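Just so it is clear: chains get the letters A, B, ... in the order the sequence lines come, proteins before strands, and each one is counted from 1. On a predicted model such as this, the values are computed, not experimentally measured, just so you know.
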2 protein chains.
Amino acid sequence: MIQTADAPTVAKLWDMIRSVKVAMLTSDDGAHLRARPMVAAQDSFDGTLFFFTRAHAPKVHEVTEADRVCVSYADPEKQNYVSLSGTATVHQDKSLVKAHWSEIMRTWFPKGVDDPDIAIMTVTVDQAEYWDAPSSTMVHAFGYVKAVVTGRSPHPGENAKVSLA
Amino acid sequence: MIQTADAPTVAKLWDMIRSVKVAMLTSDDGAHLRARPMVAAQDSFDGTLFFFTRAHAPKVHEVTEADRVCVSYADPEKQNYVSLSGTATVHQDKSLVKAHWSEIMRTWFPKGVDDPDIAIMTVTVDQAEYWDAPSSTMVHAFGYVKAVVTGRSPHPGENAKVSLA
């Protein structure tokens, strides 16, 4: 049974993302699936994640070759887990860089927004699953986070499958 | 510069794995890269991870079609992150099931080791990277965890690349 995400679900996902903060972003380098820690640079979430990166970082090369990625958030203590599947795109346009810039980024980009190697990697999420604390074995799966409601609410203990609305 | 892992490094990885406990295991379902929480069932680590699963779970089907997986461990509070890349294989042989069984598993497999649907998914790790607390931007990457020492120690702040020894 596949669900599309309603507004409270997207809000719930954002809540879990914000609370865990550091994601592991998994990409395919051709030989291996590899993950690295990354923090999204945004104040809200409507289905797209924004990460600062160096334009010449290996992960940028990887997603240019194979754009499918998985962004996962895990908090074993609270038993909150999120898996977001989507496609990654790298942007160097300065208006996007400026829109997501905050002073903390200077740690990694001391030259600021004008650093020629600064870039934004967006992940457009088209499938999400989460497991939350009240029922750690429960899985919610959702198609297209931005989509409208089509079905009943996810059912505790049920494994929901995803399709495009 | 690619390193092969020495014994202290494998011990360090196992330390981080044990301390985080819950992994996100990312596999490729053909359409998406997807992750789900999993706990390794073992008391030591020599380059292979062991996970209990149902033999008919979707993830088992996925890794039969595409066996490359990434197992990541994240502890944002301590700033410890591990990415383990390898290949997954599913085993139903009872001696392996018994060797990794503990009573806590009865929560998921109330019928115990004789459950006809019980299986072990092994992940043979051939590449590992970790980022640890003293230097959260540091990356250590290692080829073939079981291999012998071939090179110098990973250098803080340096990004090490991996190849087969």
*May I ask you to test the A:Pro76-B:Lys21 pair for a side-chain heavy-atom distance under 4.5 Å?*
no
_Interatomic spacing from NE2 in B:His32 to OG in A:Ser83 - rounded to 0.5 Å_ = 10.0 Å
*Test item: A:Arg68 and B:Asp28 side chains (from C-beta on) under 4.5 Å apart, heavy atoms*: yes
*Crowded around A:Gln92 CD? As in, over 12 foreign heavy atoms under 6.0 Å?*
yes
*Which bit of A:Val20 comes within less than 4.5 Å of chain B, counting heavy atoms only: side chain, backbone, both or neither?*
both
*Any side-chain heavy atom of B:Cys70 within less than 4.5 Å of one from A:Thr26?*
yes
*Answer yes or no: does atom CG of A:Asp93 have more than 12 heavy-atom neighbours from other residues, nucleotides or ligands under 6.0 Å?*
yes
*Nearest non-hydrogen partners of A:Trp131 and B:Ala35, listed with the distance*: CH2-O, 3.3 Å
_Structural part of A:Ala23 lying under 4.5 Å from a heavy atom of chain B_ = neither
*asked:* When you compare the side chain of B:Met24 with that of A:Tyr73, does any pair of heavy atoms fall below 4.5 Å?
replied: no
*Within the distance-only criterion (no hydrogens, no angle test), does the side chain of B:Ser85 pair as donor or acceptor with the backbone N or O of A:Leu33 below 3.5 angstrom?*
yes
_Side chain to side chain, B:Glu129 and A:Arg36, heavy atoms closer than 4.5 Å_ = no
*Take A:Val22 and B:Gln79 through the side chain to side chain contact (heavy atoms under 4.5 Å, CB included) test and state the conclusion after the steps.*
CA-CA 9 Å; A:Val22 184; B:Gln79 294 191 53; over 6 Å; no
*Is it the case that more than 12 heavy atoms not belonging to B:His91 sit under 6.0 Å from its NE2 atom?*
yes
_So, taking the atom named CD in A:Gln127 and the one named CG in B:Asp29, what distance separates them when rounded to the nearest 0.5 Å?_
6.5 Å
